[in-house]
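Worksheet for the structure shown next.
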Protein chains: 2
Amino acid sequence: MSTAEETAGAEAQPWGEVTPDAARRLLLAAVEAFAERGYHATTTRDIAGRAGMSPAALYIHYKTKEELLHRISRIGHEKALDILRTAARAEGSPTRRLAEAVSSFVRWHAGGRTTARVVQYELDSLGPDARAEIIALRRLVDAEVRGIIEEGVRSGEFDVPDVRGTTLAVLSLCIDVARWFNVNGSRTPEEVGALYADLVLRMVGAERTDAARAE
Amino acid sequence: MSTAEETAGAEAQPWGEVTPDAARRLLLAAVEAFAERGYHATTTRDIAGRAGMSPAALYIHYKTKEELLHRISRIGHEKALDILRTAARAEGSPTRRLAEAVSSFVRWHAGGRTTARVVQYELDSLGPDARAEIIALRRLVDAEVRGIIEEGVRSGEFDVPDVRGTTLAVLSLCIDVARWFNVNGSRTPEEVGALYADLVLRMVGAERTDAARAE
DNA sequence: GGCAAGGGTGAGCGATCGCTTAGGAGCGGT
DNA sequence: ACCGCTCCTAAGCGATCGCTCACCCTTGCC
């Protein structure tokens, strides 16, 4: 039954670090199921079935169903943070770095929508300890974007009266891509990324040269 | 029992139109529970308990648990559409009407976050028929905002290369307020509405006079 | 071969789910 | 009093949930 390639192509391999092969297949199955139906509506039998295993096999690699969500959420947030850090600490003006940060962040949410949906929208299905850990990661994500904006304000490139509020809005805009993307395939992740980068530069009052717009 | 028949004009209470009193209490309890835990994680016993009734009482007024969600979602979307229509069809320039539309839409999502969360994020817990009905309402919401933007482009007030994409982004920005608002009470719905109206005017390239920015 | 160890399965446990059924309290009309 | 009607509850049905347990199969090392 197993086809050679399932859900191939657009999605990168962020799960390469999950070491036992069966554990990775279970995790990938859980990501699909959680994204389709939501955490609470997904059964452990469904996850195991997608991975081609019996329901009991899940509990060899994971203590509970919640541990699966926790692992997915942590790895996903680390990946998102890594994407933003790469863009934020690159060479170039704040304008260019903000455009690249938004563009790549949006591409990740659109292209890896399956993963991003779970990561961004199933947060409060976690227990208190796990949720606190994830929230700490989110604060780092916020700080990264805010840093670029503050730098642009200092250099005079940006005109932003409310830095914290604008940061929140920029992140909110990017994250929500995971909710609506792919309802119809009329836009590619790259197109949405370019559009959103332009919109965000407008939001911060930056000069949008063709170089920055073309990305 | 109802002394007065409330016609469609009652704006103060969103659930005023739910006619049997017990049915309204159940609906309100369901909104709270769905917003806190999500649809699938909420039990019918929990809903009935919050309304001070036995689990069976729910099925006197609603056929299934899903019907509760359907009713909440439809009423909520109609309210959201009404808010946007009021702003879109008011007097004034596209700039002013867009600012008012965003501002009031955001205020609704922030102030009525409990309701808005259910309305905006539990959509695909509905069955196919109910979901199709809600999606139709969403298209009307989208058309309302797009209409203002198109008008602003025609009049030369706005500079928007991608009207459909920008409309999507504006709505996405507003809707996502329901996800993050109230995590800390440092901002009032009015403040967020004003901030977002300003950000959206920037996104469409409008002249932001103090008159449009204020209020 | 012997044999421990770890990855896997079939069956099922206790709990809980959405929902149903049988019945009753209150109440106005006649 | 009796009826019919609305609103509600106690009890519980069948199904399904997360998770466990007893056991099996493969693998590598001696």
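Order of the sequence lines fixes the chain letters, A, B, ..., with proteins taken first and strands second; residue numbering starts at 1 for each chain. No experiment lies behind these values; they were computed from the predicted model shown.
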Could you give the CZ-to-P distance, from B:Arg24 to D:dC7, as a whole number of Å? 13 Å
Measuring to OP1 and OP2 of C:dG6, would you say a side-chain N or O of A:His61 lies under 4.0 angstrom away? no
Could you check how far OH of A:Tyr59 sits from C1' of D:dA22, rounded to whole Å? 18 Å
Looking at D:dC8, D:dG18, D:dT20, which one has an atom nearest to any side-chain atom of A:Thr43? D:dG18
Figure out the CE/C1' separation between B:Met53 and C:dG18, and round it to whole Å. 18 Å
Could you tell me whether the side chain of A:Arg45 has a donor or acceptor atom within less than 3.5 Å of a complementary atom in the base of C:dG12? yes
Rounded distance (Å) that lies between atom P of D:dC17 and atom NZ of A:Lys65: 9 Å
Going by atom types only, do B:Glu133 and B:His70 share a side-chain donor-acceptor pair under 3.5 Å? yes
For A:Asp124, is there an ion pair with B:Arg37 - N to carboxylate O distance below 4.0 angstrom? no
Rounded off to whole Å, could you give me the CG-to-C1' distance for the A:Asp21 and C:dG6 pair? 15 Å
What is the distance, to the nearest angstrom, from the CD1 atom on B:Ile60 to the C1' atom on C:dA22? 13 Å
Does the Lys NZ or Arg CZ of A:Lys65 fall within the cation-pi geometry relative to A:Tyr39 - under 6.0 Å from the ring centre and within 45° of the axis? yes
Just the rounded figure in Å: distance from C1' of D:dG18 to CD of A:Glu66. 12 Å
Could you state the CD-C1' distance from B:Glu67 to C:dC19, rounded to the nearest angstrom? 14 Å
Taking only side-chain N and O atoms of B:Ser54, does any of them lie within less than 4.0 angstrom of OP1 or OP2 on D:dA10? no
Quick one: which of D:dC8, D:dA11, D:dC19 gets closest to the side chain of B:Ala56? D:dA11
What closest approach, in Å, do B:Arg45 and B:Pro55 show between heavy atoms, and which atom pair accounts for it? CG-CG, 3.7 Å
